[in-house]
Every structure is written in C-alpha cells, then in structure tokens.
Amino acid sequence: MSDLDEKALADGVLAGDRRALARAITLVESTRADHRRAAEALLARVLPQTGRAVRLGLSGPPGAGKSTFIEALGGMLIAQGKRIAVLAVDPSSARSGGSILGDKTRMETLARDPAAFVRPSPSAGQLGGVARRTREAMLLVEAAGFDVVIVETVGVGQSETTVADMTDMFLLLLSPGGGDELQGIKRGIMELADLVIVNKADGDLEAAAKRSEADYAAALRMLRPRTAEWTPRAMRVSSLKGTGLEDVWAAVEAHRDAIASGGGLAALRAAQAKSWLWAEIREGLMERFQAHESVAAALPAAERAVAGARGLPAEEARRLLDLFAGESGGETDRTS
C-alpha cells in the first residue's frame, strides 16, 4: 500500500467513514509483512486522535448473555447520543484456525445502527480470547470518533488479564446462581473485575439474581481491589427488560471519575501502552524464534528427545534458545 493510499485510508478513518474503518482494521489484522508496515504507518497517522473513548472489557461464561447485554447497553447509550464500537473476539478452532464470527448475527439490531460499529475478529489462539491486533483496532475506532469501545472476550477460562490490561474497566457478566456457581468462578477472574454484573434478573430468575448479587458483593469484599481509587461492586440487570443498565453506566462513569482523579487515567493509559509493548515483544520474539533457520532444523530432534524422556524440556529449551541467540558454540551439536 502506497503512502498516498495510507493517507487516504487514514483520512477516511478520521472522517468516520465506516468502509474505510473496516478496511483499516482488515489491514492491521493482516500478517503479511508489507501490510504490517502499511498498518504501522496508518496507525502513526491516526494516533494523535485516539485515547478519548471509554474502554470497557467484558467477559463471562457461555450462556451469561454477553451479546444480549452489549446490545441492550449499546442501544441505551446510542439513545443518549453516544457512538458505540464493539470488538467481539470469536473463538478460533484449535485444529483449523477457523472462526465462527457470529457476533453480527447475535447483535443484529446494534450492528445495523449507524451509531454503532460491530467488528468480530478471530482470536487465533491468543490468550484471553483477544486477537493480537485488538489493541490496534481499538485505536482505529477511537480515531473514527466512537465514544465507547467494548472488547468482548471469548469467556472465563483463559488469561483474561490480556483484556484487563488494554481497557479502563473490566466487567464480568454472570448468570444467576451463587453457592456452587460462586465456588466455580476462579479467584483470578474475580480479582480482575471492577464490576460484577448478574444478568437475567427477570421472571423466575429474579430472586436468584438478587441472591447472587449479594453473594458476589460479599466475595468481592474479600479480594484486594485492582486500584486504590475504586472498590469493585456487584449489581444485577435484565438485558431483556432493559432494567439496571442505567446503574451499570453510572458505575462506569463513577469508575472513570475515580481513576481520573490525581492523573490516574493518564497513568492507566501509560500502563496499557507498556503492556502492549511487551506483548508485541513476546509475540515478535516467538515469530522470529520459530522462523530461525537453525532453530527450525534442531526443533524436531528436541521434541523427540523430550517426548521420549531422553532430554529435559528445560535443557532442550536452553539449547534452542542458545541457537537462536547465536551463543551455542559446539555444545548444541547432538545426533538425533
């Protein structure tokens, strides 16, 4: 892509052109080397116009109603004059790498609204169900003028630290339960949550939702908050009836005000940028390691050695890393 094309694409994104935004996200998701260079040039052009949106992470187990909740919350915020972007990361097949990409179907009403932008992206095996380029997509939708960015992850069970590190507030959506269900929620995911939301608080589940709200509130009080400025809380909503959504948004605004005091938001965004830097370093090192000619030649033998209990994984890993770093000398020579 030429410099002129990059400038035109950046201008389209900044003007809020949805087709340009979709093309730009497709570009940053590409793994082609020439596309990566073009994507970096594009992002550099739009970077000054980013950082103004409210960044929300949302996770929860399958069946909690994440898409229904996002559609209901998004509709309410659009009615208030806000523009909403949803980066919904779909699970990729571990075997084929394929992705269902069904969030536009599950958020059909929101996806059709001109004040909303719903973009499903395959997780491609990334930890936390967050696509590697989700951070870059978030910058693009911010540059396009969206006021709220919601990153919906695959669900509880993977490393949700990834999405917590890239967003301002982490929401955990759960179904009514309590008791055994409360015990089943991992401590780690609860420690990440700034707000626990019990969904489906309607009909026969309303009483159960009220009990669950109390149970989760009690559990949160036993955990250490992520920041000194905010004490996590629990609340219940009905995405179908639209009840409790205003309370959720009030909590989001209260959280933003709390962390903004004393320069907290700037510090949070700086921490997000550092986390992004190290994520790119880790991913880039792994790509270069796997593509290294000497490593690629020695890797099958190392795998056979550890699989046959003829070598320690730590020792074989060190040999491969020495090869990669060019510090191995003659001590990595080994017949297989």
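Note: hydrogens, waters and symmetry copies are ignored here, and every other heavy atom, side chains too, is used.
For Glu280, the CD atom is densely surrounded, since the number of other residues' heavy atoms within 6.0 Å is greater than 12. For Gln80, the CD atom sits in a packed shell: over 12 heavy atoms of surrounding residues, nucleotides or ligands are nearer than 6.0 Å.
Residues satisfying the side chain to side chain donor-acceptor pair (under 3.5 Å) criterion with Arg282, sequence neighbours excluded, are absent altogether. In this view, Asp17 satisfies the salt bridge (charged side-chain N to carboxylate O under 4.0 Å, His left out) rule with no residue, not counting sequence neighbours. With sequence neighbours excluded, the residues forming a side chain to side chain donor-acceptor pair (under 3.5 Å) with Glu315 are Arg319, listed by chain and number.
Under a 3.5 Å cut-off, the side chain of Asn199 and the backbone N or O of Leu173 do not form any donor-acceptor pair. A donor-acceptor pair under 3.5 Å is formed between the side chain of Thr26 and the backbone N or O of Ala22. Distance alone, capped at 3.5 Å, is enough to place a donor-acceptor pair between the Ser261 side chain and the Ala258 backbone. Without hydrogens or angle criteria, Arg45 side chain to Glu40 main chain gives no donor-acceptor distance under 3.5 Å. Listed for the Arg19 side chain is no donor-acceptor partner under 3.5 Å among the backbone atoms of Gly12. The backbone N or O of Gly51 lies less than 3.5 Å from a partner atom in the side chain of Glu142, making a donor-acceptor pair. Looking only at distances, a side-chain donor or acceptor of Lys66 sits under 3.5 Å from a matching main-chain atom of Gly60. Judged purely by atom type and a 3.5 angstrom limit, Asp194 uses its side chain to pair as donor or acceptor with the backbone of Phe170.
Contact check for Trp276 versus Met166: no side-chain heavy atoms found under the 4.5 Å cut-off. The closest side-chain heavy-atom distance from Asp113 to Ile78 is below 4.5 Å. Within the 4.5 Å cutoff, no side-chain heavy atoms of Asp147 are placed close to those of Leu77. Residues Val46 and Leu140 have side chains in contact (heavy-atom distance under 4.5 Å, counting atoms from C-beta outward). Residues Leu47 and Leu43 have side chains not in contact (no heavy-atom distance under 4.5 Å, counting atoms from C-beta outward). Counting only heavy atoms from C-beta outward, the side chains of Leu110 and Val86 approach each other to under 4.5 Å. Within the 4.5 Å cutoff, no side-chain heavy atoms of Leu58 are placed close to those of Val151. With a 4.5 Å cut-off on side-chain heavy atoms, Tyr216 and Arg233 do not count as touching.
Among Arg36, Arg133, Arg119, the one residue that satisfies the salt bridge (Lys or Arg N to Asp or Glu O under 4.0 Å) test with Glu29 is Arg119.
Using modelled atom types, one finds no donor on one side chain facing an acceptor on the other under 3.5 Å when comparing Thr162 with Arg135. Remark: the Gln272 side chain and the Arg55 side chain contain an N/O donor-acceptor pair separated by less than 3.5 Å.
In summary, Arg236 and Glu213 engage in a salt bridge, as defined by a charged side-chain N under 4.0 Å from a carboxylate O. Salt bridge absent: Arg211 and Glu206 never bring a charged side-chain N and a carboxylate O closer than 4.0 Å.
Following chains of ILVMFWY side-chain contacts shorter than 4.5 Å, one cannot reach Leu205 starting from Val198, and the two form parts of different hydrophobic clusters. Hydrophobic clustering (ILVMFWY, side-chain heavy atoms < 4.5 Å, transitive): Val148 and Val237 are in one cluster.
The aromatic rings of His292 and Phe324 lie perpendicular to each other, with more than 60° between the two planes, well past the 30° mark.
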